[in-house]
2 protein chains.
Amino acid sequence: MAHTRQPTRERILDAAEALFAQRGFEGVSVRQIMSQADADVSLAYYHFKSKRDLFDQVMLRKVEYLNEIRLQALEEVEERHRDDEPSVEEIIGAFTRPLLQLLADDHEKWSHYFQLIAQINNSPEMGGELMSRYFDPLVSRFIDALKKALPDSGPADLYWSYHFLSGALTLTFAETGRIDNLSGGVCKSTDIAAVDERMPEFLAAGFRALCSR
Amino acid sequence: MAHTRQPTRERILDAAEALFAQRGFEGVSVRQIMSQADADVSLAYYHFKSKRDLFDQVMLRKVEYLNEIRLQALEEVEERHRDDEPSVEEIIGAFTRPLLQLLADDHEKWSHYFQLIAQINNSPEMGGELMSRYFDPLVSRFIDALKKALPDSGPADLYWSYHFLSGALTLTFAETGRIDNLSGGVCKSTDIAAVDERMPEFLAAGFRALCSR
DNA sequence: ACTAGTATTCAACGCTCGTTGAATTTAGCG
DNA sequence: CGCTAAATTCAACGAGCGTTGAATACTAGT
């Protein structure tokens, strides 16, 4: 069975995603992207308006799907608990698990995109604007669900708890290899299953400690 | 009382720190740095070997002091608990509080440096190497202390818990303003006291949940 | 005042950057 | 085939990049 080449536009987006994830927006040139996509430099400006537009399209290409599967996971949890309240673990799991599963199941396809998110989330320049634009509607939905599960929480505590969650999750996405060094090989940055197994439990305990005072 | 100008080398380091923190290593040119430092471009290469060397010196300038005050805070906690075991909160507080206090007390001086750390920690390219080089000796010391406070912890659980801590802490350093948007103004990225007040409690609960199974 | 060393300025190097317009090839369709 | 529109190539633009070497100004110590 012969191999049909991907459309050029997709090849460019793939190359841009991989390179932006490694070195950031400014650390990559359009020429490097097009070289990796095996296409002429000027083709970038046939398919996209500018380097910045290319970057935005890389972001947009996958973000909607991510928001869909996470919302769906939350709705399933709420469906399952039509009569009682869902636990904090389950709500947090609905937030983290869909992404961690994608990353674990098709690492090749998703790792670069999540690395990009990790960098953006921690970028003083773009973090506030981009993350809010792409994710805050969904995040607000999750915070509402958590507010019901933690009815005694003060108004600020839930937001700060989510902030801690966000930091923990996106550092996982970065897959820097630091935990490999620190643990002397006991843990591996790419072992997403190990994270999936621990993160909801860890964070739920934090939420409860802070939002039940 | 007249104002004495800072030595040129320090002015360059200050300018580089601020700009690298905002836009990353690749996003800033030596010319921009020297323009902000109000000095000729070529002076950068009199005081430093290269752009990369300048970046390294920015990092090195403050990292030792940070490691010192955190180690000291840990030793004080251990001193205070010569007979019993220190609590997980206290150990984590010794890790986070010295930095958060610096940031709260002299924001002007420290905010850019911590923003830089936030970006590096989440950079797939540099995160593993640089963070390990600069911080892992100290972190190992803290993990040993936590192991004593959590004697039933499995070998991987402590490292993953620290990983979550690291992500939560460095996202705080980034001060992206996202939590301002998300909370509609209830929380502010720059309100470090609010973080200091919540982080040890939140994280200690997570550590205990994961490392006491 | 002379000197030695430090600090700073000036001009330039080769190279890469993002971007563009025009020319060319390719693919779909009557 | 012949026409049209989409896709791709080619060559180049002005600007900015990191870096360097030589010339100049400043600052101590004698």
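Values in this document were obtained by computation on a predicted structure and should not be read as measured data. Side chains are part of it too, since the values below use all heavy atoms of this structure and drop only hydrogens, waters and symmetry mates. Each chain gets a letter, A, B and so on, in the order the sequences are listed, and its residues count up from 1.
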Subject >> Donor + acceptor pair across side chains of B:Asn121, A:Thr176 (<3.5 Å) >> reply: no
**OP:** Tell me yes or no: between the side chains of B:His107 and B:Glu175, is some donor less than 3.5 Å from an acceptor?
**Re:** yes
**OP:** Without swapping roles, check the side chain of A:Gln115 against the backbone of A:Ala174 for a donor-acceptor pair under 3.5 Å.
**Re:** yes
Original post:
When rounded to the nearest 0.5 angstrom, what is the spacing between CG in A:Asp56 and NZ in A:Lys51?
Top reply: 12.5 Å
Original post:
Which distance, rounded to the nearest 0.5 Å, do you find between the CG of A:Leu13 and the CD of A:Gln6?
Top reply: 9.5 Å
Original post:
For DNA chain D, what residues of residues 8-30 of chain A have any heavy atom nearer than 4.0 Å?
Top reply: A:Thr8
**OP:** Using chain A heavy atoms and a threshold of under 4.0 Å, write down where along DNA chain D the contacts begin and end, 5' to 3'.
**Re:** D:dA6 to D:dA12
Pull out every protein N or O sitting under 3.5 Å from an N or O of nucleotides 22-29 of chain C, one pair per line with the distance.
none

**OP:** Under 4.0 Å from any atom of DNA chain D, heavy atoms only: list the residues of residues 45-57 of chain B that qualify, in numerical order.
**Re:** B:Tyr45, B:Ser50, B:Lys51
Please set out all donor-acceptor pairs under 3.5 angstrom arising from side-chain atoms of residues 66-76 of chain A, sequence neighbours excluded.
residue	atom	partner	partner atom	Å
A:Asn67	ND2	A:Tyr134	O	3.0
A:Arg70	NE	A:Phe95	O	2.9
A:Arg70	NH2	A:Phe95	O	3.2

Original post:
Does the side chain of A:Ser132 pick up a donor-acceptor pair with the side chain of A:Asp136 at under 3.5 Å?
Top reply: yes
Original post:
Taking the side chain from B:Arg198 and the backbone from B:Ala194, do they hold a donor-acceptor pair closer than 3.5 Å?
Top reply: yes
**OP:** Quickly, which of B:Lys109, B:Arg61, B:Lys62 forms a salt bridge (charged side-chain N to carboxylate O under 4.0 Å, His left out) with B:Asp14? Name it, please.
**Re:** B:Arg61
All N/O donor-acceptor pairs, side-chain side in residues 22-35 of chain A, below 3.5 Å, sequence neighbours left out:
residue	atom	partner	partner atom	Å
A:Ser29	OG	A:Gln32	N	3.1
A:Gln32	OE1	A:Ser29	N	2.9

Subject >> Polar contact flag, side-chain donor to acceptor under 3.5 angstrom, B:Thr172-A:His163 >> reply: yes
Subject >> Separation of atom CG in B:Leu43 from atom C1' in C:dT9, rounded to whole Å >> reply: 8 Å
Original post:
Roughly how far, to the nearest 0.5 Å, is CG of B:Leu100 from CG of B:Leu102?
Top reply: 9.0 Å
